[in-house]
Structures are given as structure tokens and as C-alpha cells.
Amino acid sequence: MRHLPAPGLLPRTAMTTEFRPTEIDPKWRARWAEQDLYRTPEPSDRPTFYCLDFFPYPSGDGISVGHLRNYVPTDVLSRVMRMRGYDVLHPMGWDAFGLPTENAAIETGRHPSDLTREWSANYKRQLDLAGGSYDWAREINSTHPEYYRWTQWMFLKLYEQGLAYRATGLQWWCPICGALANEEVNADGTDWRDHTDITQRELTQWFFKITDYADQLIEDLEGLDWPDETHAAQVNWIGRSDGADVTFTAETGDEIPVFTTRPDTLFGATFMVLAPEHPLVGRVTTPDRADEVQAYVAAAARKAELERVALDDDKTGVFTGGYAINPVNGERLPIWIADYVLMSYGSGAIMAVPAHDERDFDFATRYGIEIRTVIAPPDWDGEALSEAFVGDGPMVNSGQFDGLSVKDGVRAVTEWLRDRGKGDFAVNYKLRDWLISRQRYWGTPIPIVHCDDCGEVPVPEDQLPVLLPYVEQIDPQKLGGRSPLEAADDWVNAPCPDCGMPGRRETDTLGGFACSSWYFLRFCSPDEHENAFDSNAVRRWMPVDLYVGGAEHSVMHLLYARFWTKALRDAGVLDLTEPFQALRHQGLMLAQPGWVEESALRIDSQGGARVADPDGADAFDNPEAAQPFRRYPLEARFELTGKRAQRNGQALVEFRITKMSKSWRNVVIPDEVAATAGGDALRCFILFMGPFDRTLPWSDLGLAGVSRWLSRVWNIVLGQEMGGTRRRRAAYADVQVELQRRLHQTIRRVSNDIDALKFNTMVAALMEFTNFLIEVGDDDLRATPAWKRTIDTFLILLAPSAVFMAEELWERTGHSQSIHLQPWPEWDEALAADETFTLVVQVNGRVRDRIEAPVATDEASAQSLALASPRVQTHTNGKQLRKVIYRQGRLINLVVG
RNA sequence: GCCGGGGUGGCGGAACGGUAGACGCACGGGACUUAAAAUCCCGGGACUUCGGUCGUAUGGGUUCGAAUCCCAUCCCCGGUACCA
């Protein structure tokens with residue numbers, strides 16, 4: 001791919017030195033590593049700051065610049081906090097067990113452990129290209145026995161508490177990955193990671209009893225500084241519903257419990273519905289309905305096995321012929337079965353109140369079942385409802401409960417039921433237990449031995465780790481459907497830890513989310529050999545002060561890690577309730593839009609296009625652009641908008657913003673940027689491109705702009721002429737005072753912006769200050785000590801962002817100790833204060849003039865200044881001054897009429 | 001549907017209820033150059049009778065004053081999906 005020429009490649013005269021990131025970057029990377037510059041400090045009495053990125057999964061593709069939307073901001077913050085005197089923990093490691101590696105191993109015939117080693121080394125190299133200040137002495141890897149030994153140990157801690165158990169049931173099954181947790185299933189019935197279609201199967205699997213913690217997982221969110229969206233996603237996923245269990249009795253005598261959030265509508269129940277899989281379906285079905293019911297049940301089962309296509313809203317069902325008795329009024333309710341009732345929620349049966357539930361309303365309408373209003377809508381005239389009314393109103397047609405509100409009715413009816421043994425208050429959750437079994441090789445072995453006599457026996461702690469055996473053949477397809485560990489006979493056969501008789505090891509492995517549920521603890525003491533973590537170290541660093549990663553983990557990882565933390569706490573091994581105090585999600589990086597040469601493309605009918613020219617295709621920012629921003633290679637793909645234009649007689653077609661995708665050949669990787677513009681331009685552009693939590697397109701031209709800025713910084717700091725004439729835009733009474741003022745204002749802006757994670761405006765402040773330095777930095781000023789002090793401070797402000805260049809300039813301006821060890825500058829409000837301000841003069845709220853005035857100007861003087869202005873007089877003449885609003889140092893508003 | 005987040009120049013975006021468009025990109029003009037690139041300087045919201053007028057998705061409202069607060073509507077993005 002072609003790039004704009006790097007600044008370092010430009011011809012220059014011998015006397016000047018230019019900014020050459022490709023020379024500077026490697027020099028400092030090597031020196032910092034040698035000096036161990038980013039070593040986490042030993043315990044001290046300084047305050048601590050734990051800044052953590054989501055545990056990355058190292059893949060064969062390496063990282064793209066999109067990953068750096070996560071890593072660069074946390075790195076900047078870590079650096080600033082260090083300079084502010086905090087002891088900072090900013091570690092990195094690899095969540096490396098799992099399918100992408102395992103599948104690649106099968107495809108390439110290599111072993112996953114080799115791929116893991118290579119891929120994580122590559123990630124590390126790329127993060128260093130981007131100037132990451134990680135303490136690599138703390139690097140951890142979830143696939144190493146010294147790590148997963150403790151994952152196993154924690155599994156046993158959960159097991160001891162009854163929080164890990166095996167159960168048989170219908171589970172989502174991916175033909176590639178095996179069993180999946182509910183959280184890993186997309187709405188369209190595909191696997192969350194590889195998007196293959198999945199089915200349901202009857203399987204015996206390991207689960208963690210996360211449902212025991214449902215309420216805590218909701219309640220403890222309260223004290224956390226988390227994004228609203230993530231807070232909401234967790235609460236919604238847990239899905240707590242408060243209501244009542246109500247017992248209906250079928251005419252066969254069988255009791256049918258149902259859960260409802262609206263016991264107040266019990267008098268409006270006109271039928272019941274059982275899930276097709278409900279165990280009582282056979283009992284309540286009458287002989288004359290049996291054929292139809294059986295056919296429906298079979299069809300529903302088939303539907304569950306087929307891919308779950310987009311739901312059609314048409315609700316179907318069949319009448320069983322059976323009836324149940326409504327406990328509040330003794331009415332006979334026909335019992336139906338329908339697949340809109342799920343066996344997996346509540347009791348798998350509902351009371352249907354069509355007047356006050358949209359689903360029941362649809363069903364009743366379709367099958368001609370009575371719809372009886374029992375909550376009166378506003379201005380209700382007694383007529384039949386045209387749609388379900390789910391709002392509040394007085395109860396009607398409900399016997400002694402008439403007139404109660406929904407809230408009071410819920411309580412009154414439930415208490416009435418409870419007094420008669422027909423029901424009680426109840427809570428239900430959408431959250432299911434966490435399915436943790438995987439029938440694959442590349443994962444943590446579950447430390448359990450199955451023994452004919454003793455049953456399930458945990459492997460004693462002193463026998464951990466249960467090592468994952470080195471297995472050559474890991475392709476389940478070539479093992480006749482058996483999992484690789486099942487086929488490893490030498491490993492599977494193990495004596496029972498209790499009785500010593502031959503037993504068999506558990507052959508399922510733990511899903512990767514187990515590894516990422518405690519790594520933040522391991523980072524506190526990664527070399528601890530006797531325990532999973534050193535309690536003092538955990539007490540020192542935890543909870544994580546700032547946790548940053550993608551919003552796609554809003555439910556899964558964050559919910560699991562929170563549960564795991566609470567479970568360890570309850571096991572008595574951890575004194576912590578919530579692991580992540582503050583959380584943020586970085587925005588996605590998209591591929592940039594533009595215009596591309598039509599003649600080089602092969603265009604399909606769908607508005608898609610691929611580069612067909614072996615030489616590639618030039619892409620332009622717009623049809624008037626002087627230069628292409630990038631040359632896309634053969635087979636690069638575009639989504640066209642349909643707009644066309646000409647550029648020098650060349651036909652261009654517009655393509656839109658899309659995701660970065662390897663198969664589209666539009667992924668920008670840090671390697672190519674570091675090799676041209678350098679790591680600093682990459683970092684600074686990522687910071688500058690926009691708010692850090694917003695999804696934004698990459699821009700090669702934007703990157704070039706930031707490179708130009710860095711070159712200007714380089715030149716002004718080294719006092720090099722830049723080929724043009726400097727011109728002061730304003731006259732300054734004392735340019736040294738002004739220099740100091742602007743510096744202190746910049747320290748304030750940069751510091752405050754960093755605290756607010758507004759890295760884009762932080763860079764803008766540095767750019768503005770650079771522009772100011774260039775404007776005023778003539779030979780006289782540059783010869784003063786004030787200039788020298790200003791440049792020193794400016795470089796420190798720049799250092800967390802432009803890590804290599806700031807260090808190089810620091811050295812070149814005569815410092816011997818690393819700039820990254822310097823204290824963060826403080827600003828002085830008095831020195832930052834302006835002497836004058838622009839008095840904005842409004843008349844009736846509209847700006848009519850702007851007058852430069854001393855900061856201390858009081859209201860009376862401001863008013864005379866304002867009234868003296870001819871431009872103001874035009875709008876006030878002949879009118880009465882009714883009111884004056886004055887904001888000191890800002891504006892005056894004259895209200896006339 | 002529901003839950004979150006957004007709609008500001010040609011583009012990415014700035015803006016404690018108080019100068020809308022900082023900073024950057026692109027573009028235009030100029031300097032330098034044999035020329036180009038690079039670099040440097042200058043200029044750009046729209047209309048305008050040059051007084052002003054209109055401009056932050058749309059329509060209302062609160063306020064001396066609204067991109068910002070309130071109500072309604074439209075559109076875009078992300079998540080979710082028959083949870084009784």
C-alpha cells in the first residue's frame with residue numbers, strides 16, 4: 001500500500017535535522033527495555049492506580065489500529081498518573097485458550113501451543129510499536145500451567161460451595177465449538193464468535209450457579225462508575241421480575257403452577273398455555289385432541305432443532321381438550337399449548353390474560369378466545385378493547401378487589417392466594433446458570449475424576465495442575481466426534497483420588513471466560529507460586545481503577561468476572577465484592593470512506609466492488625483531491641454509494657464507511673503506520689480523531705495532519721527555521737508574560753481533559769500551543785530562559801502522547817534522565833489568568849458587538865462601554881433600557897423595549 | 001417492539017445555559033521553486049440591498065439568552081428479542 005511520504009524521507013540541507021520516527025522509535029524502545037523503565041513500583045506509601053485493558057485474545061491476524069482505540073488512551077492515562085506520583089499497575093497478558101487458535105491449529109497442522117506463543121509475541125511486538133508502557137515483567141498467559149493451575153483451583157473453590165455442578169438438559173450446540181452458554185448465542189441463532197448456525201441438543205454439562213448471585217449482581221452495580229448502557233445491559237440480561245406463583249389445578253387433579261407479574265389480572269384469565277415440552281401436556285390432553293397435540297409438540301421440537309430464524313409474530317397453538325380451575329373464581333379455563341411459552345422460563349406454563357398482555361391478546365384474537373377487561377383504561381366505557389391495555393387503572397370485574405390500583409391489587413390478590421395456599425410472592429430471572437463446559441482441546445482441564453464408586457471426585461489441590469496433555473490430533477471430525485481429551489487414553493485413565501480405583505478424568509475443558517474471570521487478580525502478583533494471588537498485593541491494587549475494553553463484552557465477561565469475584569469472596573479467599581470500579585468502552589474504528597478509480601474495479605450488481613487491476617486502485621478523499629490517500633490492493637473490496645464523479649477525466653465512484661475486515665483488505669495495521677509515520681503519529685492521531693468512546697473512521701490524511709504537527713513541534717523545539725516567515729497575529733505587551741500565561745492555560749486544559757478522558761481536545765490544546773509557539777518564537781524570545789522553561793514543560797505535557805519524540809527532544813535539549821520519569825507540571829491559576837477579555841455585548845440576547853475590556857470590569861463600566869458602542873446604539877436608540885444582565889468576564893445583555 | 005447512544009460546515013469534530021463551528025482534514029489564493037513535491041503565509045457556514053438576515057434533524061416550550069434544559073416528531077447507530 002502506498003502512503004504519503006514520511007516526513008523523515010524528505011530531502012533537507014545538511015545543517016538541519018528532521019523528525020525521523022523510524023530512527024527514534026527503535027532507539028528508545030531498546031533503551032527503555034534496557035532501563036526497565038516501566039517496571040511496576042515496589043509497595044510504597046504513594047497512592048495506587050490500576051489501569052487495565054480487557055484481556056486480549058491474541059489471534060493470527062495481529063492487532064489493527066482499531067485495537068489501539070483501547071490501548072493508547074489507557075497508556076496515556078497510565079503515563080500521566082505515573083508522572084503525577086501514583087504507583088501505577090498497567091499490565092498486559094493473553095487470554096489465549098480457545099477456538100480461534102485451536103481451529104487454526106487444525107487447519108495448519110501445527111500445535112495450538114506454538115501458535116499461542118507466536119501470536120502473543122506478535123501482539124506484544126505490535127503494542128511496543130505503539131509505544132505501550134506495559135510492565136512486561138508481569139506478562140501472563142492463560143494457557144500456561146502456572147496460570148491455569150489456579151483457574152482449576154478456583155473451579156474447586158466454586159465446586160466446594162456448590163456453585164459448580166453438572167446437569168443434563170437442552171443446550172445450544174455449535175457444530176464447530178460444541179456447547180455454548182446462553183450469552184454466547186446471537187439473536188439470529190448463531191454462535192457469537194464464529195457466526196455458525198447452532199442447534200439445541202440434550203447434553204450433560206458443567207455449570208456455574210451464577211443465578212444464586214442474581215440479586216447481588218444487580219444491586220452491586222449501584223456504586224460503580226460504569227456506562228449507563230452497560231449497567232442497563234447487565235440489569236436487562238439478569239432480567240429480574242417480581243410477581244407471584246399461582247397454583248392452578250387441572251381437572252385431572254394435577255397442579256399447574258404458573259409465574260405471573262400481574263396477579264391483579266387473575267380474574268381476566270380466560271385460558272392457560274403450557275409450553276409444548278411441559279411434562280403435563282400428555283396428562284391434560286383429551287383423547288380426541290391427542291393427534292393434533294402430538295403433531296404440534298413434534299413440530300415445536302423440530303423448530304427448536306432447526307436454526308432459529310427470525311421470529312414471526314404469528315402465535316400458534318392447539319387446544320388440549322383439558323381444563324384447569326382458576327383459584328380466584330373457580331372458572332374453568334381451557335388449556336392450550338403454544339410455543340410462545342418457553343419451558344425454560346418460570347414454570348413453563350402461564351395464565352393467559354388477553355386483555356392485559358399483548359401476546360395473549362394476539363393469541364386470543366387468532367383463536368377466538370374471550371378477552372375480559374379487568375383493569376379499566378382511562379375513560380373506559382365498558383366496551384371490548386381493541387388492543388391489550390397494560391397500563392395502570394382501577395380493577396374491575398374482579399369481585400372484592402374491584403377499585404384497587406394495579407400495585408395494590410398485585411399485593412392484595414397475592415396475599416389472598418397465600419392465605420389459601422394457592423400461591424405466594426415470587427421472583428423470576430431471565431438469567432440462566434453459566435454453561436462452562438467445552439468439548440474441545442485447547443482449554444483448562446476441569447479438575448474432576450469420575451469414579452464408579454465415589455462418583456464425581458475433585459482432584460486434590462496438591463495434585464494441581466491437571467496438565468493439559470500434549471495431543472497431536474485435536475480435530476474432533478477425525479476422532480469420530482469424540483473430543484480430543486476423550487481420545488487421549490493415557491491421560492483419561494487416572495486413579496480415583498478418594499479410593500484409588502481406576503477412574504476417568506473429566507474430558508470437558510473450561511470455556512475461555514473462566515480464564516478471564518480472574519486475570520485481574522493474577523496481575524497483582526504474577527510470580528506468586530504458592531497461591532493464585534498474594535492477598536497483600538490484591539489489597540494494594542484492587543479494585544481496578546479504570547477498566548477499558550469493547551462494549552461487546554457488556555454482558556458476558558463483565559457478568560462472569562463479577563460473579564467469580566463474589567464467589568471467591570464467599571469462599572473466603574478474597575476480600576472484594578466488585579472488581580472494576582470504573583469502566584469505559586472505546587469506540588470502534590471503521591475503514592475510511594472515499595472515491596476510487598472505477599476503471600480498476602470489478603463492480604457487481606449489489607453495489608459492491610473489488611479491485612480487479614493487479615496494480616491496485618487509487619482512492620481519493622474527494623474528487624477534487626490533489627493526491628490519493630491510499631492505493632488499495634488487488635481484491636480489496638468496497639461498498640459503493642452509487643455517486644460518480646470525474647477527476648482529470650478519470651471516472652471515480654464513491655464508497656462508504658465500512659467495518660475494517662481482513663477479507664475486504666481495508667485493515668490498517670500498526671506495523672505499516674509505525675514504519676512510515678511512526679508510533680507517535682499513530683498514537684496522537686488515535687487520540688485526536690474524536691471522542692474516545694465514539695465509533696470513528698480511520699483517515700490516512702488525518703494521520704498525515706498529525707505527522708505534520710509533530711514535525712512542527714520538532715522544529716520549533718530545536719529552534720529550526722521552517723522555511724516561512726513567522727508573523728505575530730497580535731501585539732503582546734510582554735511576550736514573555738503571555739508565553740507563561742498560555743503555558744499555564746495549556747497545562748490546565750491538558751490536565752483537565754485527561755481527567756475527563758477527552759484526549760481529542762487534549763491534543764487540540766497541545767496543537768494550539770504549538771501554533772502559538774511558532775507565532776511568537778522569534779530569535780529574541782528563543783534566547784530567553786523563559787522560552788527554555790516553557791519548552792521543557794511543553795515536552796512533559798506532550799510526553800504521554802508522543803512518547804518517542806518527546807524523549808528524543810528531551811535528550812537533545814540537554815536532559816539526561818528520561819522525560820517519562822519527570823513530574824507532571826502544575827498550573828498556577830494566577831499565572832494562567834487573562835488580563836483582558838472579550839466583552840460580548842448583546843441587545844435582547846443577540847450579539848451586537850465585542851469589546852476588549854479588563855477582566856476586572858464591573859457591571860457599571862461594562863454598561864457604559866456597551867452603550868458607547870455605535871453598533872449597540874443602532875439597536876438601543878429610542879428604546880427604554882429595561883434590564884441588564886452582566887456576567888463578569890463574559891458578556892453583558894441589555895434588554896430594551 | 002423494548003433498552004441505550006447519537007443527529008452541528010465539504011469531512012472528523014469543538015463549545016460551565018452566554019462569541020456556534022476550537023483543533024485537524026479537504027479545498028481555494030499566495031510565497032519559495034525551472035517545475036513539482038514538501039514547507040511557510042492567508043482565506044473559507046449560507047444568503048445579503050453590506051444596514052443586516054438566517055443557521056446546530058423537525059415542530060413547539062422554558063429563559064434576558066438554548067447546539068446545550070423540557071415536550072412531541074423524524075432519522076441513524078449499537079444491544080436485545082415471545083422472559084409471562
Side-chain angles (χ1 to χ4, degrees), chain A residues 4-5 7 9-12 186-188 227-233 235-237 239 241 243 258-262 273 310-313 315 338-342 344-347 349-353 357-360 362-363 428-431 551-552 554-555 588 592-593 620-622 624-627 629 685 688-691 693-697 699-706 708-709 711-712 715 721-727 758 760-761 763-768 771 774 838-847 849-850 871 874 882-885 887 890-896:
Chain A
L4 295 179
L9 302 177
L10 305 172
R12 283 285 182 143
N186 295 323
D188 61 355
D228 290 345
E229 54 182 302
T230 314
H231 187 119
V235 171
N236 291 342
W237 188 267
S241 291
V258 305
F259 173 75
T260 176
T261 55
R262 298 294 303 276
V273 187
L311 299 164
D312 54 56
D313 286 349
K315 292 178 178 41
D339 63 4
Y340 80 90
V341 173
L342 309 174
S344 54
Y345 185 79
S347 63
I350 62 161
M351 67 173 205
V353 185
D357 182 283
E358 284 167 18
R359 295 154 302 177
D360 298 346
D362 290 348
F363 193 84
N428 251 288
Y429 301 91
K430 267 166 46 172
L431 180 69
E552 69 275 14
S554 291
V555 172
L588 300 175
Q592 65 184 319
F620 300 85
D621 197 49
N622 59 57
E624 290 77 44
Q627 292 291 314
F629 62 78
F685 176 58
F688 179 64
M689 64 194 303
D693 57 356
R694 194 176 301 185
T695 293
L696 295 165
S699 165
D700 283 330
L701 291 167
L703 173 74
V706 170
R708 279 197 288 275
W709 166 57
S711 288
R712 287 199 303 274
N715 288 326
E721 292 300 338
M722 284 153 284
T725 341
R726 288 200 190 96
R727 190 170 306 165
K758 290 165 68 173
N760 54 330
T761 50
V763 174
L766 292 170
M767 288 174 167
E768 283 180 60
N771 292 342
I774 290 170
T838 306
L839 174 67
V840 173
V841 184
Q842 295 183 340
V843 178
N844 290 344
R846 308 180 68 118
V847 179
D849 203 358
R850 300 182 175 98
R871 302 167 55 110
T874 319
R882 300 195 183 279
K883 195 174 173 184
V884 177
I885 289 121
R887 293 284 173 270
R890 284 189 168 274
L891 61 68
I892 187 166
N893 186 9
L894 308 174
V895 184
V896 298

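Letters go in sequence order (proteins before strands), and every chain restarts at 1.
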| task | Determine the interatomic distance between P on G1(B) and the same-named atom on G52(B); round to the nearest Å. | result | 48 Å
| query | What residues form a ring pair (Phe, Tyr, Trp, His ring centres under 6.0 Å) with Y340(A), not counting sequence neighbours? | reply | F363(A)
| Most 5' of L891(A) and D339(A) on RNA chain B, judged by nearest nucleotide | L891(A)
With 3.5 Å as the limit, what N/O pairs link the protein to nucleotides 22-25 of chain B?
{"residue": "A22(B)", "atom": "O2'", "partner": "E768(A)", "partner atom": "OE2", "Å": "3.1"}
{"residue": "G24(B)", "atom": "OP1", "partner": "N771(A)", "partner atom": "ND2", "Å": "3.1"}
{"residue": "C25(B)", "atom": "OP1", "partner": "R708(A)", "partner atom": "NE", "Å": "3.2"}
{"residue": "C25(B)", "atom": "OP1", "partner": "R708(A)", "partner atom": "NH2", "Å": "2.8"}

| request: Among A20(B), C27(B), A84(B), find the nucleotide with the atom closest to the side chain of R850(A). | output: A20(B)
| request: Using a 90° cut-off around 0 for syn, call G51(B) syn or anti. | output: syn
| Sugar-phosphate, base or nothing in reach of P691(A), heavy atoms under 4.0 Å | sugar-phosphate
| query | What form does the base of G44(B) take, syn (within 90° of 0) or anti? | reply | syn
| said: Distance criterion of 3.5 Å, no angle test: do you see the side chain of Q842(A) paired donor-to-acceptor with the base of G18(B)? | reply: yes
| task | Considering only atom P, compute the distance from A66(B) to A20(B) and round it to an integer number of Å. | result | 11 Å
| request: Classify the side chain of K315(A) versus the base of C82(B) as yes if they form a donor-acceptor pair under 3.5 Å and no if they do not. | output: yes
| request: Calculate the interatomic distance between R694(A) atom CZ and G78(B) atom C1'; express it in whole Å. | output: 14 Å
| Start at the 5' end of RNA chain B and walk down; is the nucleotide closest to A232(A) or to F259(A) reached first? | A232(A)
| Looking at CG of N893(A) and CG of N844(A), how far apart are the two atoms once the value is rounded to the nearest 0.5 Å? | 7.0 Å
| task | Check salt bridge (Lys or Arg N to Asp or Glu O under 4.0 Å) between D360(A) and all other residues, then give those that pass, not counting sequence neighbours. | result | none
| For Q842(A), which residues count as a side chain to side chain donor-acceptor pair (under 3.5 Å) partner, sequence neighbours excluded? | none
| field | Inter-nucleotide C1' distance (A84(B), A15(B)), Å rounded | value | 48 Å
| note | Residues at least two apart in sequence or cross-chain that pass side chain to side chain donor-acceptor pair (under 3.5 Å) with T838(A), listed by chain then number, are E852(A)
| said: Which nucleotide wins on minimum distance to the side chain of K758(A), given the candidates G18(B), C27(B), A15(B)? | reply: A15(B)
| message | What's the gap between U58(B) and C50(B) when it is taken at their C1' atoms, as a whole Å value? | response | 32 Å
| Out of A84(B), C82(B), U19(B), which has the shortest distance to the side chain of Y340(A)? | C82(B)
| task | Determine the Euclidean distance between corresponding P atoms of A26(B) and G12(B); express it in Å to zero decimal places. | result | 15 Å
| In terms of side-chain heavy atoms of I885(A), which of A84(B), A26(B), C64(B) is nearest? | C64(B)
| query | Expressed in angstrom and rounded to an integer, what is the separation of D362(A) atom CG from G1(B) atom C1'? | reply | 12 Å
| remark: To the nearest 0.5 Å, atom CZ of F685(A) lies from atom CG of N760(A) at 11.5 Å
| Nearest-angstrom distance, C1' atom, G10(B) to C16(B) | 31 Å
| task | Select base, sugar-phosphate, or nothing to describe what A625(A) touches, counting heavy atoms under 4.0 Å on all strands. | result | sugar-phosphate
| message | Using 0.5 Å steps for rounding, measure from the CG atom of N236(A) to the CG atom of L431(A). | response | 12.5 Å
| query | Which atom pair, heavy atoms only, marks the closest approach of I892(A) to L839(A)? | reply | N-CD1, 3.9 Å
| said: Distance check needed: G18(B) P versus N844(A) CG, whole Å only. | reply: 19 Å
| Using a cut-off of 4.0 Å on non-hydrogen atoms, how would the nucleic acid contact of L696(A) be classed: base, sugar-phosphate, or nothing? | sugar-phosphate
| message | Would the base of G18(B) count as contacting R887(A) through its side chain, where contact means a donor and an acceptor less than 3.5 Å apart? | response | yes
| With sequence neighbours excluded, what pairs up with S344(A) under the side chain to side chain contact (heavy atoms under 4.5 Å, CB included) test? | L342(A), R432(A)
| field | Set of salt bridge (Lys or Arg N to Asp or Glu O under 4.0 Å) partners for D849(A), sequence neighbours left out | value | R871(A)
| field | Atom-pair distance (CH2 on W237(A); P on G4(B)), nearest Å | value | 18 Å
| query | When all nucleic acid strands are considered with a 4.0 Å heavy-atom cut-off, which category describes N893(A): base, sugar-phosphate, or nothing? | reply | base
Write down the protein N/O and nucleotide N/O pairs, taken from nucleotides 47-56 of chain B, whose separation is under 3.5 Å; answer none if there are no such pairs.
{"residue": "U53(B)", "atom": "OP2", "partner": "R848(A)", "partner atom": "NH1", "Å": "3.1"}
{"residue": "C54(B)", "atom": "OP2", "partner": "R846(A)", "partner atom": "NH2", "Å": "2.5"}

| note | Applying side chain to side chain contact (heavy atoms under 4.5 Å, CB included) to R882(A) and not counting sequence neighbours gives Q880(A)
| task | Could you tell me the separation between the CG atom of L342(A) and the P atom of A81(B), rounded to a whole number of Å? | result | 11 Å
| said: Reading 5' to 3' and counting Watson-Crick or G-U wobble pairs with both distances under 3.5 Å, write the dot-bracket notation for RNA chain B, | for bases paired outside the strand. | reply: (((((((..(((.....[....))).(((((.......))))).(((....)))..(((((..]....))))))))))))....
| message | My understanding is that only residues two or more places apart in sequence, or in another chain, count here; which of them pass side chain to side chain contact (heavy atoms under 4.5 Å, CB included) with V341(A)? | response | V273(A), A275(A), I350(A)
| query | Given atom CG of D228(A) and atom P of G5(B), what is their separation to the nearest angstrom? | reply | 5 Å
| task | List in chain and number order the residues that pass side chain to side chain contact (heavy atoms under 4.5 Å, CB included) with A551(A), two or more places apart in sequence or in another chain; answer none if no residue qualifies. | result | E229(A), S554(A), H585(A)
| query | Between Q627(A) (CD) and A37(B) (C1'), how many Å, whole number? | reply | 8 Å
| Roughly how far apart, to the nearest Å, are U62(B) and C75(B) at atom P? | 28 Å
| field | Nearest-Å distance once atom C1' is located in both C41(B) and U34(B) | value | 23 Å
| request: Specify the glycosidic conformation (syn or anti) of G9(B), with syn defined as within 90° of 0. | output: syn
| query | H231(A) has an atom NE2; how far is it from atom C1' of C3(B), in whole Å? | reply | 12 Å
